[in-house]
Amino acid sequence: MTDLDALVPPHEPAEDTLAFAGKAALSLVPVVGPLAAETLAHALETRQAERQHEFNVAIAQALTDAISRLDEAATIEDIVGSDEFIAAVTRAQRAAAETASHHKRQRLAAAIANGGSWAPFSASEREQFTRLVDEFDELHVWLLHYFTDPTGWLQSRDLYAQHANLMMGGIDGPLGTALGVPQNVWRGPVGQAASDLDRTGLASIPLTTMMTPQGVFAPRTSEKGRRFLAFINEPDSLSANPPASL
């Protein structure tokens, strides 16, 4: 089967530029203001068109990936022609237009691909997970990845050895090492994100509890949290990097 992104019509910025150049040539007057406004409007329209095209490609790629995991009963015609798909696209396009995060736009595309009855998720999961994709930031998602396997995540980056002889402590020590920033920087944002994850049942992250090493490095992401990561097409938790800023 051909990847769906190959069927997305290409964006043609040259056509927009030629139209703008002609309009600008006809508008050459001593007043700078109107032409400057026209230039800004053109730049915004051009970038918005580019972003919409990029998001369409992301949807096609996510849908291609989703279909490859489905049984033969689900066809691309059935999916893209369904009201569920149209509703999911309409909702996600608004959120995609309002965020500058590339990762969030990719997750919104995945939410479309997994947002209908053809996907291996219950109706309640699809409804909640789609909403959480919009609500969660990079930190929420990374915490789910990290707490899927804290030991494995730290070992994959040669960060585990410095905590290997821990006799008693909290999960904040290794977590701070993983984040790579001082505790006074991450404590507030992580505390809020951990509370959100606990409230939604995706993870239980006790930041202040003292425990044995077994508890410190125990997975904290719930089965529901792992289902959410599958919903956004991010199964490889060990490769997930912490947010660049908190």
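We count residues from 1, following the sequence as given.
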Close side-chain approach of [X] to [Y], heavy-atom, < 4.5 Å:
{"X": "I112", "Y": "L108", "result": "no"}
{"X": "Q52", "Y": "Q93", "result": "yes"}
{"X": "L179", "Y": "V190", "result": "yes"}

Value for CG (L144) from CG (L197), rounded to nearest 0.5 Å, stands at 5.0 Å
In Å and rounded to the nearest 0.5 Å, what is the OG1 to CD1 distance from T64 to I59?
11.5 Å
Less than 3.5 Å apart, any donor N or O on the side chain of [X] or [Y] sitting next to an acceptor on the other?
{"X": "T200", "Y": "Q128", "value": "no"}
{"X": "H140", "Y": "D137", "value": "yes"}
{"X": "S124", "Y": "S122", "value": "yes"}

Go through the steps to decide whether W186 and L139 satisfy the test side chain to side chain contact (heavy atoms under 4.5 Å, CB included), and finish with yes or no.
CA-CA 10 Å; W186 65 257; L139 181 57; over 6 Å; no
What heavy-atom pair brings [X] and [Y] nearest, and what distance separates the two atoms?
{"X": "L143", "Y": "A193", "answer": "CD1-CB, 3.7 Å"}
{"X": "A178", "Y": "Y146", "answer": "CB-CE1, 3.7 Å"}
{"X": "S101", "Y": "K104", "answer": "OG-N, 3.1 Å"}
{"X": "S68", "Y": "D65", "answer": "OG-O, 2.5 Å"}

Could you tell me whether a side-chain N or O of S222 sits under 3.5 Å from a main-chain N or O of L202, the two making a donor and an acceptor?
yes
Between E84 (side chain) and S117 (backbone), is there a donor-acceptor pair under 3.5 Å?
yes
Short N-O contact, R131 and E135, less than 4.0 angstrom:
yes
Output yes when R226 and E223 qualify as a salt bridge under the 4.0 Å nitrogen-oxygen rule, no when they do not.
yes
If you look only at pairs with a residue in residues 212-242, which of them pass as a ring-ring contact (aromatic ring centres under 6.0 Å, His included), with sequence neighbours excluded?
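Qualifying pairs, neighbours excluded: F121-F231, F129-F228, F129-F231, F136-F228, Y160-F217.
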Listing, residues 233-246 side-chain donor-acceptor contacts under 3.5 Å, not counting sequence neighbours, or none:
unit_1 : atom_1 : unit_2 : atom_2 : d
N233   : OD1    : R69    : NH2    : 3.2
N233   : OD1    : N114   : ND2    : 3.2
E234   : OE1    : H145   : NE2    : 2.8
E234   : OE2    : R107   : NE     : 2.6
E234   : OE2    : R107   : NH2    : 3.3
D236   : OD2    : S239   : OG     : 3.1
S237   : OG     : H145   : ND1    : 2.9
S239   : OG     : D236   : O      : 3.0
N241   : OD1    : R157   : NH2    : 3.0

